[in-house]
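Side chains included, hydrogens not; waters and symmetry mates left out as well; all remaining heavy atoms used. Naming convention: chains lettered A, B, ... in sequence-line order (proteins, then strands); numbering from 1 in each chain.
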Amino acid sequence: MPPKKRPRVGPKTADPAKADGGEKVSSLDASDGGTRKVAGTSKKRAGAVEPPPHNHWLMKSEPESRFENGVDVKFGIEDLKAMPDQTSCWDGVRSFQARNFMRQMKKGQMAFFYHSNCKEPGIAGLMKVVKEAYVDHTQFDKKDVHFDGSSKPDNPKWSMVDVQYLRMMKRFIPLSELKRYHLQHRAEGGPLKDMALFTKARLSVQPLTTEEFEFVLGLEDKAPGRILTKLLK
DNA sequence: GCCAACGTTGGC
DNA sequence: GCCAACGTTGGC
């Protein structure tokens, strides 16, 4: 469920609604499949250790035209690049887990732009978070594909962040290649053995460990293909 | 276009 | 709070 972007809020902070809300989005809310690490309020066993917050992300969007209620949801990395400031809000996320991850994002963190539901799924480029979580206004827009009648303005359910294009990957990293590594690492150990792209395949916004992130970045400079897989092992 | 995986909803 | 039905994601 790729977000369909729209021109980000102008240069100024406009947005009468709620300018930046950056830090205060209500943290309770429903399910969140294991993403909970909200400070303070969560009830955890004494002694439970908080995992460190995630520093890197992968965000999925569809680069090919597809119509949902007559609206094209296409938004590939080229579309992000074409936005003013090469920046866009990442609206339309309607999954609690994905939302909660977005709420953990910090300004300056990097995210892979992943192309999903297309001819060649995979990682297309890099972007960075330029605005932390704030209210996704599309949930209140009846005409929007992702309108959510169950969300009330005084307690909005859905959040979004702003991201800015950084660069294309030096070469496109196809899902098939990542999957080979994932399988290999799962069998023999390695950084991609638990990668969310495979262990939580349907999550549209996912965290990566530093090791995962760096391993994937390292693939840019390697030859694609299975030859490489052989050589490495 | 198919369909498996899996998150969400709602009945009870 | 369980769990079956339902809907969506997204690879293939």
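- Of the two residues contacting DNA chain B, namely F198(A) and S150(A), the nearest-nucleotide position lying further toward the 5' end is that of F198(A).
- Residues satisfying the side chain to side chain contact (heavy atoms under 4.5 Å, CB included) criterion with D194(A), sequence neighbours excluded, are absent altogether.
- To the nearest angstrom, P of dG10(C) lies 17 Å from CD of E120(A).
- Distances shorter than 4.0 Å separate none of the side-chain N or O atoms of K200(A) from OP1 or OP2 on dG10(C).
- Rounded to whole angstrom, the span from the CD atom of E62(A) across to the P atom of dG10(C) amounts to 7 Å.
- Evaluation of the side chain to side chain contact (heavy atoms under 4.5 Å, CB included) rule for F147(A) yields K142(A) as partners, not counting sequence neighbours.
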Produce the list of close N/O pairs, under 3.5 Å, pairing protein atoms with atoms of nucleotides 2-4 of chain C; give distances to one decimal.
none

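- What separates CZ of F67(A) from P of dT8(C) is a distance of 19 Å, to the nearest Å.
- Ion pairing between a basic and an acidic side chain is recognised when a charged N comes within 4.0 Å of a carboxylate O; K222(A) and E177(A) show no such pairing.
- Contact of the Q104(A) side chain with the W57(A) side chain is registered, since non-hydrogen atoms from C-beta on lie closer than 4.5 Å.
- Between the CD atom of Q206(A) and the P atom of dG10(C) there is a distance of 8 Å, rounded to whole Å.
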Pairwise N/O distances under 3.5 Å, protein to nucleotides 5-7 of chain C:
unit_1 : atom_1 : unit_2  : atom_2 : d
dG7(C) : N2     : R202(A) : NH1    : 3.4
dG7(C) : N2     : R202(A) : NH2    : 3.4

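- Here the C1' atom of nucleotide dG10(C) and the NZ atom of K74(A) are 18 Å apart, to the nearest Å.
- Atom pair R94(A):CZ and dT9(C):P shows a separation of 11 Å (rounding to whole Å applied).
- With sequence neighbours excluded, the residues that form a side chain to side chain contact (heavy atoms under 4.5 Å, CB included) with T199(A) are H182(A), A196(A).
- Phosphate contact (OP1/OP2 of dT9(C), side-chain N/O of Y114(A), threshold under 4.0 Å): absent.
- Rounded to an integer number of Å, the gap from CG of L197(A) to C1' of dC12(C) is 15 Å.
- Between K60(A) and dG10(C), a side-chain N or O to OP1/OP2 separation shorter than 4.0 Å is present.
- Sequence order on DNA chain B of the closest nucleotides to N117(A) and A201(A) puts N117(A) first from the 5' end.
- The closest side-chain heavy-atom distance from M59(A) to V161(A) is below 4.5 Å.
- Atom P of nucleotide dG10(C) and atom CD1 of I123(A) are separated by 14 Å, given to the nearest angstrom.
- Taking E220(A) as the reference, R167(A), M169(A), K170(A), L217(A) meet the side chain to side chain contact (heavy atoms under 4.5 Å, CB included) condition, with sequence neighbours excluded.
- Residues E120(A) and F172(A) approach most closely at O-CZ, 3.1 Å, considering heavy atoms.
- Screening M127(A), K131(A), Q164(A) for a side chain to side chain contact (heavy atoms under 4.5 Å, CB included) involving T87(A) leaves a single residue, Q164(A).
- Nucleic acid contact for K179(A): sugar-phosphate only, since backbone atoms but no base atoms lie under 4.0 Å from a heavy atom of the residue.
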